[in-house]
J.: 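Take a look at this one; I'll ask things after.
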Amino acid sequence: MQNDPIAIDTLFTSDEKLIRDTVRRFVDADVTPLMKDAFEHALFPTPLIPKLAKLGLLGMSLPEALGGSNANAVTYGLVCQELERGDSALRSFVSVQSSLCMYPIFKHGTAAQHKLFLPNMAAGKLIGCFGLTESDSGSDPNSMKTTAKKTSGGWILNGSKLWITNAPIADLAIIWAKTKDGIRGFIVERSFKGFATQEITHKLSLRASATGEVILTDCFVPDSHYLPGSEKGLTAALECLTQARYGIAWGAIGAAMACYEIALDYAKTRIQFNKPIGAFQLIQKDLVDMFAAITQAQLLNLHIGRLKEQGQLNFMMVSLAKMNSCNIALDVARKARNILGANGISLDYPVIRHMVNLESVFTYEGTDNIHHLIIGKQLTGLDAF
Ligand code: FAD
């Protein structure tokens with residue numbers, strides 16, 4: 001954060017700060033200038049993909065031999081934070097590619113699948129999407145209707161997945177489908193007969209993210225594309241979501257940091273009643289509350305990051321951080337929008353863009369209610385689902 005008033009930087013290693021600052025410079029120079037138009041015209045800025053790959057930001061937690069850089073959890077978190085300072089759509093793209101596509105192939109796939117897909121995905125040559133949600137199956141993925149039936153040499157998939165990030169630009173999809181033995185994961189390539197995507201238009205949030213439907217019509221998926229590690233069923237999909245939610249916890253605070261910093265600058269220069277508005281006590285209270293909330297979230301994120309590095313992180317802790325960051329980020333964005341007055345609703349400032357993006361971030365990867373129930377179950381021992 002600007003000036004780092006409580007010296008959080010002392011908690012990061014020099015390597016972590018170096019990567020964070022490199023990504024921050026990339027976002028300031030190459031991303032932020034594009035996002036106003038990308039948002040307005042609802043276009044994902046695809047020219048950024050090779051740049052993300054060149055910086056090593058796709059699948060960065062994976063081993064170097066598979067195209068990753070063995071990045072530790074805090075480094076990955078800081079990268080998500082910096083990317084989302086630019087726009088939630090960019091962080092969503094990286095989260096989906098890294099945590100929801102490369103991670104399941106790495107964790108649940110075979111050595112042949114690793115070799116076939118991961119280096120090309122790290123290089124940004126193959127783009128992935130993750131299909132769990134359906135039109136009638138959101139918070140309750142067990143109710144999915146997409147099926148996979150065993151046939152000679154492979155599987156026949158039927159069904160459709162809705163609200164799928166990257167679907168319109170994806171070369172492959174990690175599809176979760178019901179078999180007679182339970183939910184399993186499959187790598188489905190765009191070139192497979194019976195695979196189609198349809199872009200979702202008229203979104204008023206995450207406009208710069210390509211979101212779509214994946215339609216599977218008697219789509220034959222060879223045995224070579226079945227994820228054997230998905231034999232644990234829905235848990236295998238939820239393990240991927242835990243990875244992605246971890247990055248979201250950091251990312252949402254990146255959007256909050258951007259909103260806070262813009263509001264702070266604005267409050268120091270906008271003159272009303274012959275004074276900078278930042279000199280008014282009510283504005284200062286909002287700025288201090290924003291700063292305090294961001295700081296608390298940064299420290300929680302850092303704590304769970306270190307736990308992750310020590311192998312001690314569990315999904316409840318990730319739910320807490322994802323839920324906390326989204327609530328704080330939305331509140332900060334709304335306060336910033338208020339401080340900017342009428343300019344707060346203009347795309348000439350990034351605040352309204354972050355604010356409406358965060359509505360999606362609040363909902364996807366487990367809604368706020370669902371995270372409350374996950375944490376509530378852990379605290380009370382009582383299952384409210
Ligand atoms: P529902 O599950 O219908 O929920 C509606 C409301 O009811 C919510 O407020 C919810 O909290 C509440 N609710 C539901 N059950 C309970 C309960 N038991 N107790 C209390 N309240 C409850 N999905 C993917 O698979 N892949 C993607 O890449 C992906 N990208 C997305 C991108 C965007 C921009 C968006 C908006 C969504 C994306 N999603 C994706 C889908 C997302 O994960 C779902 O929208 C989310 O899980 C919620 O499901 P739903 O929208 O069907 O809402």
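FYI, side chains are in, hydrogens and waters are out, and symmetry mates aren't considered; it's all heavy atoms of this structure. Remember, it's 1-based here, ligands and their atoms both numbered in the order they're listed.
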J.: Please report which non-hydrogen protein atom sits nearest to atom 16 (C) of ligand 1, along with the residue it belongs to and the distance in Å to one decimal place.
T.: Ile370 CD1, 4.1 Å

J.: Hey, is Asp21 close enough to Arg25 for a salt bridge, meaning N to O under 4.0 Å?
T.: no

J.: Would you say the side-chain atoms of Lys115 pair up with the backbone N or O of Leu66, donor to acceptor, closer than 3.5 Å?
T.: no

J.: Which residue pairs pass the ring pair (Phe, Tyr, Trp, His ring centres under 6.0 Å) test with at least one member in residues 306-348, sequence neighbours excluded?
T.: none

J.: Report the nearest protein non-hydrogen atom to atom 23 (N) of ligand 1: residue, atom name, distance rounded to 0.1 Å.
T.: Thr133 OG1, 2.7 Å

J.: Could you tell me whether a side-chain N or O of Thr151 sits under 3.5 Å from a main-chain N or O of Gly154, the two making a donor and an acceptor?
T.: no

J.: In ligand 1, which numbered atoms sit nearer than 4.0 Å to a non-hydrogen atom of Leu132?
T.: 25 (O)

J.: Suppose I only count heavy atoms of Leu373 and a 4.0 Å limit; which atoms of ligand 1 are within that range?
T.: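 Listed by number with element: 17 (C), 18 (N), 19 (N).
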
J.: Write out the residue and atom name of the closest protein heavy atom to atom 10 (C) of ligand 1, then the distance separating them to 0.1 Å.
T.: Thr367 OG1, 3.6 Å

J.: Using a 4.0 Å cut-off to any heavy atom of Glu365, which atoms of ligand 1 qualify?
T.: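 Heavy-atom distances to Glu365 below 4.0 Å select 43 (O).
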
J.: Among all the protein's non-hydrogen atoms, which is closest to atom 45 (O) of ligand 1, and how far away is it?
T.: Thr363 CG2, 3.9 Å

J.: Pick whichever of Phe362, Tyr364, Trp163, Trp176 has a heavy atom sitting closest to atom 27 (C) of ligand 1.
T.: Trp163

J.: Quick check on contacts: which atoms of ligand 1 are under 4.0 angstrom from a heavy atom of Thr165?
T.: 27 (C), 28 (O), 29 (C), 30 (N), 31 (C), 32 (C)

J.: In terms of hydrophobic clusters joined by side-chain contacts under 4.5 Å, are Ile175 and Leu118 together?
T.: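 Different clusters: Ile175 never reaches Leu118 through Ile, Leu, Val, Met, Phe, Trp or Tyr contacts under 4.5 Å.
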
J.: So if I apply the side-chain contact (heavy atoms from CB on, under 4.5 Å) rule between Phe93 and each of Leu83, Leu48, Thr165, Leu58, which one comes out positive?
T.: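 Of the listed residues Leu83, Leu48, Thr165, Leu58, the side-chain contact (heavy atoms from CB on, under 4.5 Å) partner of Phe93 is Leu58.
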
J.: Give a yes or no on whether a salt bridge exists between Lys107 and Glu239, defined as a side-chain N under 4.0 angstrom from a carboxylate O.
T.: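 Here Lys107 pairs with Glu239 in a salt bridge, since their nearest N and O are under 4.0 Å apart.
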
J.: Are Tyr364 and Leu132 connected in a single hydrophobic cluster, I mean Ile/Leu/Val/Met/Phe/Trp/Tyr linked by side-chain heavy atoms less than 4.5 Å apart?
T.: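 Different hydrophobic clusters.
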
J.: Please could you name the atoms of ligand 1 that Leu206 approaches to less than 4.0 Å, counting only its heavy atoms?
T.: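 In order of numbering, the contacting atoms are 34 (C).
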
J.: Does Ser325 use its side chain to pair, donor to acceptor, with the backbone of Ile253 at less than 3.5 Å?
T.: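 No, Ser325 side chain to Ile253 backbone: no donor-acceptor pair under 3.5 Å.
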
J.: For atom 52 (O) of ligand 1, which protein heavy atom lies nearest, and how many Å away is it?
T.: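 Going atom by atom, the protein heavy atom closest to atom 52 (O) of ligand 1 ends up being Gly138 CA, 3.2 Å.
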
J.: Considering only protein heavy atoms, which is closest to atom 26 (N) of ligand 1, and at what distance to one decimal place?
T.: Phe130 O, 2.8 Å

J.: Does atom 6 (C) of ligand 1 have any protein heavy atom closer than 4.0 Å?
T.: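 No.
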
J.: Evaluate the 4.0 Å heavy atom contact test for atom 49 (O) of ligand 1: does a protein atom fall under the cut-off?
T.: yes

J.: Under a 4.0 Å N-O cut-off, is there an ion pair linking Glu359 with Arg334?
T.: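 Salt bridge between Glu359 and Arg334, a charged N being under 4.0 Å from a carboxylate O: yes.
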
J.: Using the test side-chain hydrogen bond (donor to acceptor under 3.5 Å, both in side chains), find all partners of His108 that sit at least two apart in sequence or belong to another chain.
T.: none

J.: If we only count N/O pairs under 3.5 Å, is Asn369 in contact with ligand 1?
T.: yes

J.: Under 4.0 Å from a heavy atom of Ile164: which atoms of ligand 1 are those, numbered in the order shown and with their elements?
T.: 24 (C), 25 (O), 26 (N), 27 (C), 28 (O)

J.: If you take the nearest heavy atom of each of Gly212, Ser139, Ala210, which one is closest to atom 1 (P) of ligand 1?
T.: Ser139

